**Q** 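A single structure is presented below for examination.
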Protein chains: 2
Amino acid sequence: MPEPAYVRIAGEYALRIRGGELPPGMQLPSYAEIAQKNGVSDIVVRKALELLLSQGLVRSVRRRGIFVADRPNLVRVSPERQMETAERTFRNESDRDIQVERETEQIPATSELAEALGLSEGELITHVITRATEDGRPISISDTYHPVDVVDVSGATFLEETVSDQLPTAPHAEWLRTTPGELAKTVHQQFLSADDRIIMISDVSYPRDRYDAFVFRMALK
Amino acid sequence: MPEPAYVRIAGEYALRIRGGELPPGMQLPSYAEIAQKNGVSDIVVRKALELLLSQGLVRSVRRRGIFVADRPNLVRVSPERQMETAERTFRNESDRDIQVERETEQIPATSELAEALGLSEGELITHVITRATEDGRPISISDTYHPVDVVDVSGATFLEETVSDQLPTAPHAEWLRTTPGELAKTVHQQFLSADDRIIMISDVSYPRDRYDAFVFRMALK
DNA sequence: AAGTGGTCTAGACCACGTG
DNA sequence: ACGTGGTCTAGACCACTTG
């Protein structure tokens, strides 16, 4: 069984992107063009580029084209970077134009949130929505929940992060401008105090092409 | 712009799988059947199931069918579980038939490995290939490298794990029996001693449907 | 007006598993 | 012999962006 055409084509582009021949942000030829160059139908090209999409090597913009990911080698590091403000985290990753906006409200805790935070249902908690862009492109959005008397995360001694690929919630998808059905990288964070109580919860979504990999540094014993 | 049909269909199956209505291991109807039930073409169904595949909720077996993932809620936990032997790790996750096989050889270090481990190129190092199955199905394969005088990982005080989605190497793809072009979850592990030297490196691949999420527990400060 | 990606259709061949 | 998923083709419409 030979290698399917779409795997071959995807592999060629992956090499050229990783090798720097195709620089970040560069527009790829259209489906039709790639198809013609490779002597296949455009369906095969779509499958090939889907593969690159799911690896975060390219990003597609509807009605404009497919572009090489802006940060093909960027890595998200935990826990160091995750203890800083979003501004500092992203500005340490980049010297570009980072914009962060926040929206804060007090809401009654749902049963899940109340249980997680050790409160009673309906008790008021703080909900912060944080949105970040880099050079105008959305790069993250998060929902953070904590008791109203918690001001920051400096009291935490443990961080637990759960990483998965998920269909983003509607508000997250809208902000990240993902196409319907496109998965996002999601990180569910729980900041724990020394007595193992959760003092802050945060659900963060990133576009697939934001990070090449996630790095976690853990002390043993 | 309404929700595309394939997202709707994928969402319906995701709910039924997560909710337990479709139990692990159960075979899904064929593409043609699902297509007919939903009044769409089989192409749409393929896209829908691709979505579930990439989320690890189902697994496809060529010429047999699509099956609900065996472990739709299994989570990989670090670092606790990763300090144990592979046997213990997997047996703690499951009461099923776990088989682990190892292959050990001494090889001269490549330049990358030599640099990482603080040795000189060509110096002999130990290479261990570990393959694991659960009820006969492959669930992981890893390449581990360490200096010949390192016997285990008990001397490590730090663990750094890098998680990404990649096209597996040929031997890994063959063992996991992934279809061509299918991505695997890969974890690159580095075990560090107290003086920050790397005493062991391991590259592990998992099938996409093995874990629902990866959890990392980190001490702060 | 032309080109783009996103969605969807109808149809085909292949190699292999199952009954 | 039949059904399966995997691959591939040719063609279509849509809504929007770009020149």
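The figures here come from the full heavy-atom set of this structure, side chains too, leaving out hydrogens, waters and symmetry mates. Just so it is clear, the model here is predicted, and its values are computed rather than measured. Below, chains carry the letters A, B, ... as their sequence lines are ordered, and counting in each starts from 1.
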**Q** Can you tell me if B:Tyr31 touches the phosphate of D:dG6, counting only side-chain N or O atoms and a distance under 4.0 Å to OP1 or OP2?
**A**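 True: B:Tyr31 side-chain N/O within range (under 4.0 Å) of D:dG6 OP1/OP2.
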**Q** CD of A:Glu3 versus C1' of D:dC8: gap in Å, rounded?
**A**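 Rounded to the whole Å, the gap is 16 Å.
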**Q** Nearest whole angstrom, please: distance from the P of D:dG3 to the CD1 of B:Ile34.
**A**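 So the two atoms are 17 Å apart, to the nearest Å.
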**Q** Once you round it to whole Å, what is the distance between C1' of C:dG11 and CG of B:Asp42?
**A**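 Roughly 10 Å, once rounded to whole Å.
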**Q** Using only heavy-atom distances, determine whether the side chains of B:Arg131 and B:Thr133 contain a donor-acceptor pair under 3.5 Å.
**A**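 No.
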**Q** Under 4.0 Å: is that the gap between some side-chain N or O of B:Ser60 and OP1 or OP2 of D:dG6?
**A**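 Yes, B:Ser60 has a side-chain N/O under 4.0 Å of OP1/OP2 on D:dG6.
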**Q** When you compare the side chain of A:Asp135 with that of A:Asp70, does any pair of heavy atoms fall below 4.5 Å?
**A**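 SC-SC contact between A:Asp70 and A:Asp135 ruled out.
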**Q** Ignoring the backbone of B:Tyr6, work out which of D:dG5, C:dT7, D:dC8 is nearest its side chain.
**A**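 Closest of the options to the side chain of B:Tyr6: C:dT7.
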**Q** Does the distance from a Lys or Arg side-chain N to an Asp or Glu carboxylate O, for B:Arg71 and B:Glu134, drop under 4.0 Å?
**A**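 Yes, charged N to carboxylate O under 4.0 Å.
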**Q** Among the candidates C:dC16, D:dT17, D:dG5, find the nucleotide nearest to the side-chain atoms of B:Arg62.
**A**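 Taking heavy atoms from C-beta onward, the closest nucleotide is D:dG5.
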**Q** Starting the side chain at C-beta, find the nucleotide from C:dT7, D:dT18, D:dC8 nearest to A:Arg64.
**A**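 Between C:dT7, D:dT18, D:dC8, the one nearest the side chain of A:Arg64 would be D:dT18.
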**Q** For A:Gly65 and for A:Ile43, find the nucleotide of DNA chain C with the closest heavy atom, then tell me which residue's nucleotide is more 5'.
**A**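 Between the two, 5'-proximity favours A:Gly65.
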**Q** Report yes or no: do B:Thr186 and B:Ser164 form a side-chain donor-acceptor pair below 3.5 Å?
**A**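 Yes, a side-chain donor-acceptor pair sits under 3.5 Å.
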**Q** Is there a side-chain polar atom (N or O) of B:Ser30 under 4.0 Å from OP1 or OP2 of D:dT4?
**A**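 For D:dT4, OP1 or OP2 has a side-chain N or O of B:Ser30 closer than 4.0 Å.
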**Q** Under 4.0 Å, counting only non-hydrogen atoms across every strand here, what does B:Ala5 touch: a base, just sugar-phosphate, or nothing?
**A**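 Contact class for B:Ala5: sugar-phosphate only.
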**Q** At under 4.0 Å, does any side-chain N or O of B:Lys47 touch on OP1 or OP2 of C:dT7?
**A**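 Answer yes for this pair, as a side-chain N or O of B:Lys47 is under 4.0 Å from OP1 or OP2.
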**Q** Please confirm whether any donor atom in the side chain of B:Arg63 sits under 3.5 Å from an acceptor in the base of D:dG3, or the reverse.
**A**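 Answer is no: no donor-acceptor pair is held.
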